[in-house]
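Read through the structure below, which is laid out as structure tokens, and then see the notes.
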Amino acid sequence: MRRDSRAFTLVELLVVIAVIGSMAALLLPAVQSARETARSAVCKSQLRQIGIAMLRYCDAHDGELPDWWHSGAVKGSRSWIYTLAPFMENVDAIRVCPQDARADDRLTNRASSYAINNYLTTTGPGAVRFLRQVAATSRTVATMELADALPAEPLYEHTHSTEWFAPLNVLDGVVLQEISREVQLDRHHRASHFLYLDGHVTLVPADQVAAWAAEGFDFAKAE
């Protein structure tokens, strides 16, 4: 007696390959989305730690807020990136968002994915230098996510938010453009993280920032 044996024909094999390919094509976006969500969660957690470190710094310095690159006799010597480090157990990775396109370079160059709001680092209209000057810490932005396009250098650790809503920028209709030059508004699913002075972190949609810019709402100004 002869045993019948049946093997895959070429057509059947091609069909199987096509089915597997289609399933993989459907799964890849879901896997990518899950990875981005996980990175976003890490970023949010890191910003919370930075917020706690900032409040601890204020407690240790009579309420004074951290400085920026331009303060001190030596440029960068009093930058918040370095002065907050002891309050974050000197863990460098905390200051770099895993979703940042330049994360590795920023880590190597002792730079950051986050920029301090310079309404908190300068003097002048709307600016504050002490926590006690802020009436609503839950509505006052401390840091934002630095734009991917900016160089991975420690100098780029602050925004120029005090200039975003300058009369000429408003007149020319370039407020959103100026914000986007410094802040990566779509790093996490068309949104980005904002750290507030009370330590909480909010994921703000890019469309919301665009609406604020159009309305003339200076969202970075201390309240």
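Values reported hereafter were calculated over all heavy atoms of this structure, with side chains retained and with hydrogens, waters and symmetry mates removed.
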List for me each residue that meets ring pair (Phe, Tyr, Trp, His ring centres under 6.0 Å) alongside Y196, sequence neighbours excluded, and say none if there are none.
-> H200
Residue pairs, two or more places apart or on separate chains, that pass ring-ring contact (aromatic ring centres under 6.0 Å, His included) and touch residues 110-140 = none
Would you name the heavy atoms of S71 and S77 that are closest together and state the gap between them?
-> O-OG, 4.2 Å
Could you walk me through whether H188 and E145 pass side chain to side chain donor-acceptor pair (under 3.5 Å), step by step?
-> CA-CA 10 Å; H188 307 287; E145 300 203 54; 3.1 Å; yes
State which residues pass side chain to side chain contact (heavy atoms under 4.5 Å, CB included) with A191; sequence neighbours excluded, sorted by chain then number.
-> L203
Straight-line distance of L47 CG to M144 CE, nearest 0.5 Å = 11.5 Å
Set of residues satisfying ring pair (Phe, Tyr, Trp, His ring centres under 6.0 Å) with respect to F217, sequence neighbours excluded = W212
Parallel, tilted or perpendicular for W164 and F219, by the 30°/60° rule?
-> tilted
Looking just at side-chain N and O atoms, do E157 and S79 make a donor-acceptor pair shorter than 3.5 Å?
-> yes
Does any pair with a residue in residues 168-179 pass salt bridge (charged side-chain N to carboxylate O under 4.0 Å, His left out), and if so which ones, sequence neighbours excluded?
-> E178-R181
Under the salt bridge (Lys or Arg N to Asp or Glu O under 4.0 Å) criterion, do D67 and R129 qualify, and how do the steps go?
-> CA-CA 9 Å; D67 275 319; R129 282 297 299 132; 2.8 Å; yes
Roughly how far apart are I50 CD1 and S112 OG, rounded to 0.5 Å?
-> 5.5 Å
Set of salt bridge (Lys or Arg N to Asp or Glu O under 4.0 Å) partners for R190, sequence neighbours left out = D186
Rounding to 0.5 Å, atoms NZ (K75) and CG (L155) come to a distance of 9.5 Å
Does a side-chain N-to-carboxylate-O contact under 4.0 Å join D148 and R187?
-> yes
Could R106 and D100 be called an ion pair, given the rule that one side-chain N must be under 4.0 Å from one carboxylate O?
-> yes
How long is the span from the CD1 atom in I94 to the CE atom in M88, to the nearest 0.5 Å?
-> 5.5 Å
NE2 on H160 to CG on N118, rounded to 0.5 Å = 6.5 Å
